[in-house]
Asker: 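Right, I'll just put the structure down here and ask away after.
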Amino acid sequence: MEHGQAELVGGKPVIFGQRKVRPRACVAVGKRHLRAFLRDVLEDMGFIISECGTADELPQVLSTEFPDLILLGIGSDRIEPGRLLEILVREEFAGRVLAFGARESIIMTAVQQVGGEYGLAMLPPLRTPFAAETLRDRVAMLLPREPAPRPAVHVGEALHAGWLELWYEPKFDVCTLSRRGAEALVRMRHPTWGVVPSAYFIPEPHDPHFRELSQFVIDRAIKDWQYLLEQQTSIDLSINLPAAFLVDPQAVRDLCQRMPSHPAFGGLTIEIESEEAIQNLDLLIEVAREVRFHNIGLAIDNVGANWPQLMGVEKFPFIKLKVDRQYVSGCGNGPLKRTVCRHIVALAKEYSVRTVAEGVENQADLIAVTELGFDLAQGHLFGKAMPLKQFAQSSFSPAPLRPK
């Protein structure tokens with residue numbers, strides 16, 4: 001397809017190239033923590049985000065990112081509203097401008113008035129603090145009415161273009177509700193499609209880029225751990241790898257050599273899909289023996305109705321059993337889900353390994369996994385997956401309170 005060519009999706013034209021399939025927003029705020037907050041909220045809505053910490057950065061964003069929306073922080077350091085408006089007028093910005101600030105001040109009124117006089121599309125301003133839903137209401141006209149089509153991006157292109165990164169979902173101790181680790185999840189930050197989940201680009205096992213992607217995850221996780229250590233938020237990390245990657249003895253040796261020797265390194269957990277683990281038990285027993293002396297443990301991911309196939313294993317090589325979210329979410333009110341969870345917890349205790357409940361979405365789920373005897377939990381109740389720097393700045397304390 002040629003650059004800028006249109007394609008019909010759902011009977012409507014979608015323009016590729018410099019035109020957008022998802023709305024774009026530029027967050028022009030001097031304070032870094034505010035930019036991070038707004039990036040998170042707007043990405044959840046479906047926006048592709050760029051940032052400006054000063055007015056000097058805006059022309060480059062306008063010429064390369066083509067934003068549909070400018071969020072202008074009034075009263076934040078290093079942002080000059082008058083100069084920013086001047087740039088928008090000079091560059092003939094045709095999108096919307098949303099100003100926000102601590103109160104209805106003289107400068108807020110001036111920004112609205114001057115922006116309107118010069119022909120900018122000024123949205124009604126926001127007073128801080130505001131809820132995510134209030135922001136959504138303000139920008140609703142920019143949100144697509146239909147989901148964006150699935151991006152056709154090959155993982156090889158993403159690897160070579162540097163579009164991949166790891167996001168981190170926290171894990172919490174069920175008894176103390178203290179943060180105990182994080183799972184690294186690969187994401188693509190595509191220049192046109194924005195943040196793309198792994199389901200859209202993870203290759204098939206026979207794809208020649210599968211190993212390259214696995215190596216990327218290992219290398220980036222170790223670099224990210226070192227960054228977290230510098231930020232004084234060092235924690236135990238988990239990554240997802242296919243059993244096929246561990247078939248290669250050289251890949252296993254390279255993996256072992258990559259482990260940090262720093263005393264603060266608590267180990268790396270490799271999570272393997274339950275079906276793959278069951279089919280490759282003999283191989284994984286041998287791998288587990290080798291890697292455990294290099295501070296690496298193997299865990300089984302997404303254990304569910306297939307749990308009986310893990311019974312009676314003479315030399316159980318895994319350190320954790322992680323229960324599939326479809327059996328955890330709603331287990332407080334679902335007898336069948338609760339029964340599956342109870343059997344898996346009992347099986348883990350028989351093998352003297354820990355259990356992780358994935359998909360804890362509300363207080364009822366938390367109460368249920370506590371009563372069932374899980375060791376660790378993760379899910380939206382505790383915090384969703386987030387970029388590295390945001391994860392490093394996030395609180396050690398979980399969102400929920402311990403149930404009484």
Side-chain angles (χ1 to χ4, degrees), residues 155 171 181 183-186 198 202-219 221-222 236-260 265-328 340-358 374-376 378:
V155 68
K171 296 181 181 180
E183 178 183 2
L185 303 168
V186 65
S198 59
I202 291 295
E204 296 296 327
H206 61 270
D207 191 298
H209 291 93
F210 204 99
R211 176 167 177 172
E212 189 178 358
L213 176 61
S214 298
Q215 195 62 56
F216 165 83
V217 171
I218 295 168
D219 292 343
I222 298 305
D236 296 344
L237 294 182
S238 299
I239 62 173
N240 295 273
L241 290 180
F245 179 81
L246 302 175
V247 170
D248 184 351
Q250 185 59 50
V252 174
R253 287 192 290 270
D254 291 343
L255 169 67
C256 293
Q257 292 173 1
R258 293 286 291 119
M259 294 302 103
F265 183 64
L268 178 70
T269 299
I270 297 176
E271 298 183 5
I272 302 169
E273 278 288 327
S274 58
E275 291 300 327
E276 288 188 74
I278 291 169
Q279 294 170 9
N280 296 275
L281 272 178
D282 291 340
L283 164 70
L284 295 177
I285 288 173
E286 295 303 317
V287 172
R289 287 175 178 171
E290 179 178 354
V291 300
R292 62 185 175 180
F293 292 106
H294 298 271
N295 220 359
I296 302 171
L298 305 186
I300 304 183
D301 195 8
N302 295 329
V303 182
N306 57 357
W307 68 267
Q309 295 177 263
L310 294 171
M311 298 176 64
V313 178
E314 184 177 352
K315 298 178 180 179
F316 197 75
F318 305 98
I319 62 171
K320 293 186 183 77
L321 293 181
K322 189 173 182 180
V323 179
D324 193 323
R325 65 173 61 249
Q326 68 171 306
Y327 294 97
V328 173
V340 171
C341 290
R342 183 181 295 109
H343 282 302
I344 297 172
V345 171
L347 180 64
K349 289 181 178 178
E350 181 179 334
Y351 288 128
S352 299
V353 301
R354 308 191 80 191
T355 47
V356 184
E358 182 178 21
F374 278 92
D375 298 297
L376 301 170
Q378 65 186 95

Asker: Give a yes or no on whether a salt bridge exists between Glu271 and Lys171, defined as a side-chain N under 4.0 angstrom from a carboxylate O.
Answerer: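 Judged by the 4.0 Å cut-off on N to carboxylate O distance, Glu271 and Lys171 do form a salt bridge.
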Asker: Does Thr355 offer a backbone N or O that forms a donor-acceptor pair with the side chain of Asp375 under 3.5 Å?
Answerer: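 Between the backbone of Thr355 and the side chain of Asp375 there is a qualifying donor-acceptor contact (under 3.5 Å).
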Asker: Report the distance from atom CG of Asp248 to atom CD of Gln250, rounding to the nearest 0.5 Å.
Answerer: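 One finds 7.0 Å between CG of Asp248 and CD of Gln250.
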Asker: How close do Ile222 and Arg258 get, counting heavy atoms only, and between which atoms?
Answerer: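 Minimum heavy-atom separation between Ile222 and Arg258: CG2-O, 3.9 Å.
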Asker: Supply the atom-to-atom distance Gln279 CD to Leu284 CG, rounded to the nearest 0.5 angstrom.
Answerer: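 The CD atom of Gln279 sits 10.5 Å away from the CG atom of Leu284.
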Asker: What pair of heavy atoms forms the shortest contact from Gly304 to Tyr327, and how long is it?
Answerer: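 Where Gly304 meets Tyr327 most closely, the heavy atoms are CA-CE1, 3.5 Å.
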Asker: Got a sec, which residues hit side-chain contact (heavy atoms from CB on, under 4.5 Å) with Gln309, two or more places apart in sequence or on another chain?
Answerer: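 Counting only residues at least two positions away or on another chain, Gln309 forms a side-chain contact (heavy atoms from CB on, under 4.5 Å) with Ile278, Asn306.
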Asker: Evaluate the side-chain proximity of Phe318 to Leu281: yes if any heavy-atom separation is below 4.5 Å, no if none is.
Answerer: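 When only atoms from C-beta onward are counted, Phe318 and Leu281 do touch, with a gap below 4.5 Å.
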Asker: For the pair Leu213 and Phe245, evaluate side-chain contact (heavy atoms from CB on, under 4.5 Å) and give the outcome as yes or no after the intermediate values.
Answerer: CA-CA 10 Å; Leu213 176 61; Phe245 179 81; over 6 Å; no
Asker: Do Thr269 and Asp236 come close enough that some side-chain heavy atom pair is under 4.5 Å?
Answerer: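 The answer is no, as the side chains (C-beta and beyond) never meet within the 4.5 Å cut-off.
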Asker: If we ignore hydrogens and angles and just use 3.5 Å, is the side chain of Ser274 paired with the main-chain N or O of Asn302 as donor and acceptor?
Answerer: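 Checked: pair present.
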Asker: Going by heavy atoms in the side chains, are Glu183 and Val356 under 4.5 Å from each other?
Answerer: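 They are not in contact (no side-chain heavy atoms under 4.5 Å apart), so the answer is no.
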Asker: How far apart are the closest heavy atoms of Ala221 and Leu237, and which atoms are they?
Answerer: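 Of all heavy-atom pairs spanning Ala221 and Leu237, the closest is O-CD1, 3.6 Å.
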Asker: Side chains of Arg253 and Glu290: does their closest heavy-atom pair fall under 4.5 Å?
Answerer: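 Heavy-atom side-chain distance check passes, below 4.5 Å.
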Asker: Just so I know, are the side chains of Cys256 and Phe293 near enough to count as touching, which here means a heavy-atom distance under 4.5 Å?
Answerer: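 No, too far: nothing below the 4.5 Å cut-off.
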Asker: When rounded to the nearest 0.5 angstrom, what is the spacing between CD1 in Ile218 and CD1 in Ile239?
Answerer: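 With rounding to 0.5 Å, CD1 (Ile218) is 5.0 Å from CD1 (Ile239).
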Asker: Applying side-chain contact (heavy atoms from CB on, under 4.5 Å), run through Ile270 and Leu255 and close with a yes or a no.
Answerer: CA-CA 11 Å; Ile270 297 176; Leu255 169 67; 3.5 Å; yes
Asker: Are Trp307 and Leu321 packed together at the side-chain level, in the sense that at least one heavy-atom pair is separated by less than 4.5 angstrom?
Answerer: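 No, every pair of side-chain atoms sits at 4.5 Å or beyond.
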Asker: So, taking the atom named CD1 in Ile300 and the one named CD in Glu276, what distance separates them when rounded to the nearest 0.5 Å?
Answerer: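 Answer for the CD1-CD pair, Ile300 versus Glu276, is 11.5 Å.
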Asker: Roughly how far, to the nearest 0.5 Å, is the NZ atom of Lys322 from the CD atom of Glu273?
Answerer: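 Glu273 CD to Lys322 NZ: 9.5 Å, rounded to 0.5 Å.
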Asker: What are the two closest heavy atoms between Ala277 and Ile272, and how far apart are they?
Answerer: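 For Ala277 versus Ile272, the nearest heavy atoms are N-CG2, 4.1 Å.
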Asker: Between side-chain atoms of residues 343-354 and protein atoms elsewhere (two or more places apart, or another chain), which donor-acceptor pairs fall under 3.5 Å?
Answerer:
{"unit_1": "Tyr351", "atom_1": "OH", "unit_2": "Leu310", "atom_2": "O", "d": "2.7"}
{"unit_1": "Tyr351", "atom_1": "OH", "unit_2": "Gly312", "atom_2": "N", "d": "3.1"}
{"unit_1": "Tyr351", "atom_1": "OH", "unit_2": "Val313", "atom_2": "N", "d": "2.9"}

Asker: Determine whether a donor-acceptor pair (N or O, by modelled atom type, separation under 3.5 Å) exists between the side chain of Asp301 and the backbone of Asn240.
Answerer: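 A pair under 3.5 Å: no.
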Asker: Are any of the side-chain heavy atoms of Leu376 and Lys320 separated by less than 4.5 Å?
Answerer: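 Side-chain contact under 4.5 Å: yes.
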